[in-house]
Amino acid sequence: MQIRVRFAPSPTGRVHLGNMRTAIFNWLFARHHGGRFLLRIEDTDRQRSHQGAIDQLLAEMTWLDLDFDGDPLYQHTRSDAHRAAADRLMQAGHAYAYANGDGDAAVLFRIPLDPGPEYSIVERERISVDIHPDVPVTISSAGITYAAISRKGKPIPSECCLAGMMRLKIVGDNGVVRYDLGKDPGAVTDGQPPVTVDNGTTLSFIRRDVRFHDLVRGDLSKPLDSIKDFVIVRSDGHPVFHLANVCDDIHQQITHVIRGDDHIENSYRHVLLFAALGHAAPAFLHLPMIVNREGKPYSKRDGDAYIGELREAGFMNSTVFNYLALLGWSPGDDREKMSRADIVNAFDVSGIQLSAAQMDIRKLQHMNGQYIADLPFDAFLHGVEQALAEQPWARNADPAYFREVAELMQSRTKQFTDAATWQYFFVDTLSYDDRLVGKHIGKPGIRSAFAQLLTALREIAFDPEPIESAIHAVTDDREIPRGKFNLPLRIAVTASNTGAGIYEVMALLGRDRTLARLTHAVDSLCADDSEQ
RNA sequence: GACCCCAUCGUCUAGUGGCCUAGGACACCGGGUUUUCAUCCCGGCAACACGGGUUCGACUCCCGUUGGGGUCGCCA
């Protein structure tokens, strides 16, 4: 059997980091197994879906190289098929029309009362639940309503599907059975008025679980009495997510549903729908969430929550793919920086984590630095040029000179946007940080040392080695420890306390600019140290 | 509140009953790279949530507690 998975986002906004990670895992699963990776745009909510979101989604998938097989399926094009499925369910007694108060009737899926083996519903023991005697129990074809009892003794309105309480008996004081639904819940078939029972204190019924197998979590189950019948077609005639999702999974012959673990509750419902529609359910695999720094789910308020923001922040697509693949999955050994082919090869569901993961931007930065270091120079140059496209000083730079600067800086660049700090190579006037200047240049002795160096630099070939020698001559002469002089020099020449090797930087800047900046330092930045 | 899911260093993770005095990575701290920035290299700090079982033996299995998250829409 060929493996077929799908990524099924709803185009209602920007695609979130967690959604994109889901896409990556689906893609990886398909590619590892030689299966098909399909894209389905779940745009049944016509109000909130928009083309811009679709375009952006496609662009981000392209950026990450998540190629999908075939054309995207736009879910709204299948609404007739969805409604037809709902009709079939109604005819078979698996669904019913129900009007909640005013307005037209919606179509609800009926949790099956008497399920065949294909429903993966298992019967457990008879249990008893205490209920609040002041609130009557109602039983109708639309379900059972009752009131549970809070810790403080207050009634808590509760409801469940008719199937949730098999062989229900409502027991009152002294163990008197006030109502017995019996074997045949046909007593409350459609159209009949609800049965109301007063003064019950206990609900006694046979509990049943719906269960499915999750590829990483194992067998999962949920009591039927905690589930209600659910809407599959709105009263305005539009199919609801549950129906559309399941119908299209059948339509696209999906074999494995891989989605976030926020869908676990939905999967319990969906296995029932698959059975009612006469199809075996696919395998399920629920992925843990990605959470923000506070350990909370990502919301619009969090930065870096969208793939596009990572791209704009100067991260490489390879890094983001690699990093995201490792968020919630591990190859089982110590490998971290892995090629795409290695990840595809190593990808296995046994390496998928069960608990939520926090994205760590610093680790992403580190990994991006590794990717950038390994980049062929021209590719690095291209990335940097794109990141600096809005900077006039970069756009107008001499290409050959820009290349030299980029060559010098590649090994110390972690994000393409770091290149914004290269400005000092290209502009005539620098803006100095008063604190840096005060701390490192405003000291006694610096001014005359700069002046001496200024003289020496006029005489030499302007290459790194002669520059270094000239600097050493000054520091030796003045008994300044060699290393101590580089920082003030760096700040005077670049207005920054970090950068490439200072001798190389000065050589690249050239004699004119270097001397001009040192002169400016002597004239305007240094403390008066004439007493020396 | 009910139900569902989860739980190893600050973070991402390895670990599938003995190989664990719990390994790697990021971050942080210290040192080195013929005295600068960064890369890089070396070293350090740092975790099995808690309590019961099961077992000769538990990070690993079971139960409970606590904590976190999810769901409880005619949103997807």
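Every heavy atom of this structure was used, including side-chain atoms; hydrogens, water molecules and symmetry mates were not. Here is the naming used below: chain letters follow the sequence lines, and residue numbers restart at 1 for every chain.
On the C1' atoms, B:C45 is 8 Å away from B:C28, given to the nearest whole Å. Rounded to whole Å, the P atom of B:U36 lies 49 Å from the corresponding atom of B:G18.
Partner assigned to B:C28 is B:G44, using Watson-Crick or G-U wobble distances below 3.5 angstrom. Across all strands shown, B:A38 forms no Watson-Crick or G-U wobble pair with both key distances under 3.5 Å. B:A49 is paired with B:U65 under the criterion used here, namely a Watson-Crick or G-U wobble arrangement in which both key atom distances are under 3.5 Å. For B:C74, there is no paired nucleotide, since no Watson-Crick or G-U wobble pair has both relevant distances below 3.5 Å.
In this structure, A:K337 satisfies the cation-pi test against A:Y371, with its NZ or CZ atom closer than 6.0 Å to the six-membered ring centre and inside 45 degrees of the ring normal. Geometrically, A:R21 engages A:F25 in a cation-pi contact, judged by NZ or CZ lying under 6.0 Å from the ring centre and within 45° of the ring axis.
Between A:E123 and A:R208 there is no salt bridge, since no side-chain nitrogen of the basic residue lies less than 4.0 Å from a carboxylate oxygen of the acidic one.
Classified by interplanar angle (parallel below 30°, tilted 30° to 60°, perpendicular above 60°), the ring pair A:H16/A:Y306 is perpendicular.
The listed nucleotides are B:G68, B:U35, B:C5; the one nearest the side chain of A:R482 is B:U35. Distance from the side chain of A:H366 is smallest for B:C26 among the nucleotides B:C75, B:C26, B:C3.
If A:A356 and A:R490 are placed on RNA chain B by their nearest nucleotide, the residue sitting closer to the 5' end is A:A356. Mapping A:R151 and A:E42 onto RNA chain B by nearest heavy atom places A:R151 closer to the 5' end of the strand.
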